[in-house]
Amino acid sequence: MKDETTGQEDAVQDAEACAEALESLDRISLDDVAFDDSSVDVQDEPEIEAQPDDQDTGDVEPAEDEADHEDTESEADDQPGSDTSEETVLLDSLPAEDSLTRELPGLGSAPAVDETIAMGDIPLPSVPSAREAEVRHRKMSPKRRNLMVAGVVAVALVAGGTGYAAWNGYQQEQAATVAANAHTMMSVQIGVHAAGLDCSTGSKIPVQVSGQDSDGSSVSETLYVDEHGRGIKLLPGDYTLSIAASPIAADGTIYTVPTTKTQVTVKSDGQDLSAQATFKLKAPSADAVTDDQIDAAAKYAEEGGASSAATAKVLQQAATARRDAAVNAVSAQKAQAARDADARHKATDLYQLDIPVEWYGKVETWQNGSTLCIYLAGDSNTPIVTLVAVREGESFTPDEGDTVLGAANLGNGYTVYASGPVYPYVVPQTINGRTQNPVSTYPMDTAIELVELTTGNRYTYSQIKNDLVGKDGNADAATKLETDYLAQILLPSIKAQD
């Protein structure tokens, strides 16, 4: 009687625990999880009906069923030696052939492995047979089975819900991070090359940016970078970059703006785009800079390239002053070149010519009719070349000691002959003391200058003396040096008089 009371109390407690689990699931309907009795094999029903049971199983209260069940278990524990095939069988009562020592299947004649478990006389726990489990299942009330199933389902739902919540939270966090990055300004760096530019003292380089950001919004703005290509901040997206105008260096240097455009994709903060976007700004000749270039550079400097509008104005003035100074210098050079050309230009009644630039300031001239003599400045007794116009059909004979160095046909019935001493030959011979009819003797400085003038500084006196002429007095090599040079710099300029 005491055992029945205890069993009933346990059953009631189990039912209450399951009911509490159900209530914690927000009133999960038992109809959704009710146990289906139809799964029981219909072949077992006659055997169940044959059991000596005076009451209908559906009328038995859960507490009484539980008590009967526990009495059955108690009787089974008290009668270990029962002949019933459904009761527990001890290991030591098995026949020898049913011992755990077996020949492993499939190994043929291989020696058997002894797997006998020495348990002594300790009995194993009672294990219900399949029939007992079926009977217990039948005797358990549908309400209790449903409660137990609901408890299992509740645990599964709670565990599954927790895992889903964690995964969903992770996904939301990732999405939030991506969304936040899509709306975060990213610093990027491009490549720029502008010799002499220091943006800390000059203005920055204006970069035109156009394209579309990650929100799908169109972008068109001007941003500024320093000489290292740093200073651009953009939202992630695809953009086209180009140089809007020249910066202005502290000394007023203006740069040629490259016309190239480059497409880039901004993905992350600190991204280096110099491999895709590099711009080279070259400084042209200062005198070639235009007012429009200076004005454009000053405009962008004032709008953001310089630290202030006042600084931009100072840089603009520096650029203008630099350009104007260069223009003035070029103008002065041109004016001087014109004066020099006029001074170098010589004319007779039959022809005209230009004194070679290399000779200008080092020679002087005199003329008599159609004869023109070019001599060493300050020494009229040291002629370099003498030009004489001769009518076609007439012969020309140079003065004693001179050699014909070349001729120019005027095309008007006259030919101009150039003659004079072969200084690359005469001078070394005179210095060496080998007179061979020298025109005169010369100081070393004069000798060197004469050689340089007649060879166009292509050879030094030492080279001519030691290598080209030498001590054997070979005049042919020295003569060729002078005739070749005069043919290049003097004879082409001789033209008929207009």
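Predicted, not measured: the structure shown is a model, and the values here were computed from it.
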Check: Ala288 main-chain N/O paired with Ser285 side-chain donor or acceptor under 3.5 Å: no
Side chain to side chain donor-acceptor pair (under 3.5 Å): which pairs involve residues 385-397, sequence neighbours left out? Arg391-Tyr414
Does the side chain of Thr184 come within less than 4.5 Å of Leu235's, by heavy atoms? no
Under 4.5 Å between any side-chain heavy atoms of Thr253 and Arg322, yes or no? yes
Taking all non-hydrogen atoms of both residues into account, name the closest pair between Gly229 and Val192 and its distance. N-CG2, 3.5 Å
Counting only N and O atoms by type, is there a donor-acceptor contact under 3.5 Å from the side chain of Glu302 to the main-chain atoms of Lys313? no
Which pair of non-hydrogen atoms, one from Phe279 and one from Pro258, has the smallest distance, and what is that distance? CB-CG, 4.2 Å
dist Thr348:OG1 -> Leu387:CG (nearest 0.5 Å) comes out at 9.0 Å
Specify the closest pair of heavy atoms between Leu350 and Ser370, including all atoms of both residues, with the distance to one decimal. CD1-CB, 3.9 Å
Student check: side-chain heavy atoms of Ile205 and Leu197 closer than 4.5 Å: yes
Do the non-hydrogen side-chain atoms of Tyr375 and Thr382 ever get within less than 4.5 Å of each other? no
Working to the nearest 0.5 Å, report the span between CD1 of Ile384 and CD1 of Ile355. 9.0 Å
Show the numbers, then the answer: is there a side chain to side chain contact (heavy atoms under 4.5 Å, CB included) between Thr454 and Glu449? CA-CA 9 Å; Thr454 53; Glu449 186 173 14; over 6 Å; no
Backbone N/O of Asp354 and side chain of Arg344: donor-acceptor pair under 3.5 Å: no
Qualifying side chain to side chain donor-acceptor pair (under 3.5 Å) pairs with a residue from residues 224-248, counting only residues at least two apart or across chains: Asp238-Thr265
Nearest 0.5 Å, please: how far is NZ in Lys346 from OG1 in Thr365? 3.5 Å
Check: Ser217 main-chain N/O paired with Asp215 side-chain donor or acceptor under 3.5 Å: no
Quick one: do Leu353 and Val416 satisfy side chain to side chain contact (heavy atoms under 4.5 Å, CB included)? Show the steps, please. CA-CA 11 Å; Leu353 72 152; Val416 176; over 6 Å; no
Ring geometry between Tyr485 and Trp359 (parallel below 30°, tilted from 30 to 60°, perpendicular above 60°): tilted
Can you confirm whether Gln208 sits close enough to Leu223 that some side-chain heavy atom of one is under 4.5 Å from a side-chain heavy atom of the other? no
Donor-acceptor pair, distance only, cut-off 3.5 Å: does the side chain of Gln336 make one with the backbone of Ala332? no
Could you go step by step and tell me if Ser307 and Thr311 meet the side chain to side chain donor-acceptor pair (under 3.5 Å) rule? CA-CA 6 Å; Ser307 58; Thr311 301; 3.2 Å; yes
Would you confirm whether Asp342, through its side chain, and Ala338, through its main-chain N or O, come within 3.5 Å as a donor-acceptor pair? no
Which distance, rounded to the nearest 0.5 Å, do you find between the CD of Glu364 and the OG of Ser380? 8.5 Å
Using every non-hydrogen atom in the two residues, find where Ala312 and Ala298 come nearest and quote the distance to one decimal. CB-O, 4.3 Å
Is a side-chain donor or acceptor of Ser203 paired with a backbone partner of Ile248 at a separation under 3.5 angstrom? yes
Hey, does Val264 have a side-chain heavy atom less than 4.5 Å from the side chain of Ile190? no
When you measure from the side chain of Ser331 to the backbone N and O of Val327, does any donor-acceptor pair fall under 3.5 Å? yes
If you compare all heavy atoms of Ser493 against all heavy atoms of Leu490, which two are closest, and at what distance to 0.1 Å? OG-O, 2.8 Å
Looking at side-chain heavy atoms only, is the closest gap between His193 and Leu281 below 4.5 Å? no
Taking the side chain as everything from C-beta on, heavy atoms only, tell me whether Val207 gets closer than 4.5 Å to Thr222. no
Which is it for Leu376 and Thr446 under the side chain to side chain contact (heavy atoms under 4.5 Å, CB included) test, yes or no, and what are the steps along the way? CA-CA 9 Å; Leu376 190 64; Thr446 303; 3.8 Å; yes
Any donor-acceptor pair under 3.5 Å linking the side chain of Gln293 with the backbone of Thr290? yes
Would you please test Ser419 and Leu405 for side chain to side chain contact (heavy atoms under 4.5 Å, CB included) and show each step? CA-CA 5 Å; Ser419 63; Leu405 303 174; 5.5 Å; no
Hey, does the side chain of Asp213 reach the backbone of Pro236 with a donor-acceptor pair shorter than 3.5 angstrom? no
So for atom CD, which belongs to Gln212, do other residues, nucleotides or ligands contribute more than 12 heavy atoms lying within a distance under 6.0 Å? yes
Heavy-atom nearest pair, Leu491 first then Ala418, reads CD2-CB, 4.1 Å
Nearest-0.5 Å distance, NZ of residue Lys362 to CG of residue Leu450: 11.5 Å
Find the distance between CG (Leu410) and OH (Tyr351) and round it off to the nearest 0.5 Å. 8.5 Å
